[in-house]
There are 2 protein chains.
Amino acid sequence: MSITKGRSVTISDVAQTAGVSRAAVSKVIRNAYGVSPAMRERVEAAIGELGYRPSVAARALRGSSYRLGLEIPHVSARFMTQIMEGAKQAVAGTPYQLVLAPAHGPEYDTLESLADGLVDGIIAISPLVDPAWLEDLGRRIPVVMLGRHDHPTGYDTVVGDDIGGTRAIMTHLFDLGHRRIAHLTEPEAVTRPGSGTPHAVRLETYRTVMTEAGLADLIQIARREDVPDLARAATADLLARPEPPTAIVAGHDDIAMGVLAEIAATGRHGEIAVTGYDNTDLAAHPLIDLTSVDQQGMEMGAQAATMLLERLQGRTEPRRYRATATLQVRGSSVRSAG
Amino acid sequence: MSITKGRSVTISDVAQTAGVSRAAVSKVIRNAYGVSPAMRERVEAAIGELGYRPSVAARALRGSSYRLGLEIPHVSARFMTQIMEGAKQAVAGTPYQLVLAPAHGPEYDTLESLADGLVDGIIAISPLVDPAWLEDLGRRIPVVMLGRHDHPTGYDTVVGDDIGGTRAIMTHLFDLGHRRIAHLTEPEAVTRPGSGTPHAVRLETYRTVMTEAGLADLIQIARREDVPDLARAATADLLARPEPPTAIVAGHDDIAMGVLAEIAATGRHGEIAVTGYDNTDLAAHPLIDLTSVDQQGMEMGAQAATMLLERLQGRTEPRRYRATATLQVRGSSVRSAG
DNA sequence: CGCATCTTTTGAAACGTTTCGAAATCGCCC
DNA sequence: GGGCGATTTCGAAACGTTTCAAAAGATGCG
């Protein structure tokens, strides 16, 4: 493998070196039909000799870039790393390359900028974008959305069983004798009722289950602000209320970490039940030992990537993958003292 | 903002709508010199009406894509998220967009694929690639390398004070009465002596300090295999040795988490001193409470991005940023029992 | 008012691929 | 050996921008 230096080598250089036309080289590198063994060999030799690599830009302009985009709202959220890992695995071995686009500010911009010709398809985790807008995006470029509970026609979805998962948590806590159960979730924007985001569904389910159990008046909801660390502050708030909860259901493991931190910092570790969601690697750590719902993040990421690849193969009817949710009981969900 | 549908709208459409030439539109969208207010207004109106967005592919082919690439070996490593976060912040507000490229397998491929016209510049965290190869890459496209202790001429570097950080840890442990101090680090490939990777330097510094202290025969080195979870296995090995260490210096916080896990799982939490590196958010968690070295990961990411932007502005002489390392003492570094 | 000097606008040529129809070559059979 | 399909190769036209030199239009000055 020779190392390219100076001005980059183009398909014309290869064609010239091999003594064939540009079209011929193009066919060889794409494994297209209709190229004789002799020609293939000469072209490949020239490619090797010159260290030629096709320009993604030129390819993208003409057709496809062989890049898949994964848009992520929060790079540091533990759940996201599961998704990324899964998607990466699924894409490995295909001619496609995965690129991640961290959203900064409004997700629309990030998605647009991906759609602007950088990638051939998009996996997005964007609870806040408008479904109609997404349908439109799906018309321009293949799209798979993660964590959407609606039933779109123009793109695919990968979604967890947020109802089942939340119900499992609640049942578990009831079994442990808890009644005064609070829910600590994400900011308002991400949990708006009817919006169909995972956290909206979890919140709604929490409400429903509490009400079904005749505990409607014990419903307590707290939110963390956008900065991750503020889960601690929200927990402090909860615990300072006149009738503090005996159990806190956190929207996901990262929030639960904040809850555990606050409880531990006030010397009450083990006195209040805490549950998370996503079963991140932290939850399994002996020092954290967090009861959590496993919704197979890696599998979700992998499925999303696979579905996107299918769309690139030509599938047009929408598909949906629904991951199962299973409760992982660990030490953090302590029995109610009452 | 109207929503694009069907075939995408090109610069020609805008030109036609506005009744000007393509070149004129191009100038407007690039804020180039020599466009009258009247024309600017008409063009901008047309852009708005049509919902035009320039094609990245076409731009890239012609000059720049306004994308910066950040290559990351392990998306789930906590330290990486600091870097990403920092780089994201630094790029925000510039006309550039950050894209992340998770390396799968050999980093060469990922870097090449970034250089193939996708991005205008590259930030890389690739301990394993050959310096000469990198110099060559740097000749084709601006490059900033994170965690390189060499002094390249063709690209910039951002590096931590691995010697200082490691010395601070060792001094701290000596002060606590430890002598039998083990080092648990990354696999062989990443710590080869003289390779100049952060972990190679930390390992070397550990060796040096131990030797200086006359404890050369107490040097104990363990490695985790590539799977993150295997830090636990490596710890178990260490603790099963005839003369087990009283303190374990982990290569970074993620490894330290495994060490803590194993120690806790065997019911010996608090009996063995543990230190990490990177001062990730976990280290500060009350339940983890890990002594660690803060090397300002976010700042490193931000500096890397800034330096890359400078290069895109035209700077050519190499620069280097060296982050400071400060020890964060926490509960995990317990006093030696002996 | 004519000419020189600026400024604004334009046309056309890149950039490096893919694609499509046409040209060339080959093998085979009558 | 001429004719005919099938195969292999090629030339040229896209794709959507930017750029550069040149055209056109203002402006100022003598």
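Note on naming: letters A, B, ... go to the chains in the order of the sequence lines (proteins, then strands), and numbering restarts at 1 for each one.
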Are the side chain of S21(B) and the backbone of A24(B) linked by a donor-acceptor contact shorter than 3.5 Å? yes
For the pair Y96(A) and Y66(A), name the ring-plane relationship: parallel under 30°, tilted 30 to 60°, perpendicular over 60°. tilted
Just jot down the side chain to side chain donor-acceptor pair (under 3.5 Å) partners of T110(B), sequence neighbours excluded, or say none. none
Nearest 0.5 Å, please: how far is CE in M300(B) from CZ in R322(B)? 10.5 Å
Round to a whole Å and report the spacing from CD1 of I11(A) to C1' of dC15(C). 13 Å
Considering non-hydrogen atoms only, spot the tightest contact between I122(B) and L308(B) and give its length. N-CD2, 3.6 Å
Please test E135(A) against T153(A) for side-chain hydrogen bond (donor to acceptor under 3.5 Å, both in side chains), starting from the C-alpha separation and ending with a verdict. CA-CA 7 Å; E135(A) 290 283 354; T153(A) 65; 3.2 Å; yes
Identify which nucleotide among dG16(C), dT17(C), dG16(D) has an atom closest to any side-chain atom of S8(A), counting heavy atoms from C-beta outward. dG16(C)
Given atom CG of D120(B) and atom P of dT18(D), what is their separation to the nearest angstrom? 12 Å
Separation of atom OH in Y52(B) from atom P in dG16(D), rounded to whole Å: 10 Å
Under-4.0 Å side-chain N/O to phosphate OP1/OP2 contact, R59(B) with dT18(D): yes
Whether over 12 other heavy atoms sit under 6.0 Å from E44(A) CD: yes
For a quick check under 3.5 Å, do R30(B) and S26(B) share a side-chain donor-acceptor pair by atom type? yes
dT10(C) P sits how many Å from Q16(B) CD, rounded? 13 Å
Might you list the N or O atoms of the protein lying below 3.5 Å from N or O atoms in nucleotides 22-25 of chain D, with each pair's distance?
none

Residues touching DNA chain D, which here means a heavy atom under 4.0 Å, drawn from residues 37-47 of chain B: none
Mark yes or no for a side-chain to base donor-acceptor pair under 3.5 Å between R62(B) and dT19(D), with no hydrogen or angle criteria applied. no
Looking at T10(B), I'd like to know whether one of its side-chain N or O atoms comes within less than 4.0 Å of OP1 or OP2 on dG16(D). no
Heavy atoms only, 4.0 Å cut-off, all strands: where does G63(B) land among base, sugar-phosphate and nothing? nothing
Let me know the distance between CZ of R30(A) and P of dT19(C), rounded to the nearest Å. 5 Å
For A57(A) and A60(B), the nearest pair of non-hydrogen atoms, with its separation, is CB-CB, 3.6 Å
Only one of R311(A), R320(A), R148(A) forms a salt bridge (charged side-chain N to carboxylate O under 4.0 Å, His left out) with D156(A), so which one is it? R311(A)
On DNA chain C, compare the nucleotides closest to S36(B) and L61(B); which residue's is nearer the 5' end? S36(B)
When rounded to the nearest 0.5 Å, the distance separating CD1 of I125(B) from CD of E71(B) is 7.0 Å
Among dA13(C), dA13(D), dG16(C), which nucleotide has an atom closest to any side-chain atom of R22(A)? dA13(D)
When the distance from CG of D13(A) to C1' of dG16(C) is rounded to whole Å, what number comes out? 10 Å
Main-chain N/O of L118(B) paired with S65(B) side-chain donor or acceptor, under 3.5 Å: yes
Flag, side chain of R315(A) to backbone of M307(A), donor-acceptor distance under 3.5 Å: yes
Taking only side-chain N and O atoms of S26(B), does any of them lie within less than 4.0 angstrom of OP1 or OP2 on dT18(D)? yes
Let me know, please, whether Y33(A) or G19(A) comes out on the 5' side of the other along DNA chain D by nearest nucleotide. Y33(A)
Can you establish whether the number of heavy atoms outside Q89(B) located under 6.0 Å from its atom CD is more than 12? yes
N/O (side chain, Y66(A)) to phosphate O (OP1/OP2, dT17(C)) under 4.0 Å: no
Expected rows: protein N/O vs nucleotides 20-25 of chain C N/O, under 3.5 Å:
none

Could you pull out all residues at least two apart from D109(A) that satisfy side-chain contact (heavy atoms from CB on, under 4.5 Å)? P106(A)
To 10°, what angle do the rotation axes through the five end pairs on each side of the helix from dC1(C)-dG30(D) to dC30(C)-dG1(D) form? 60°
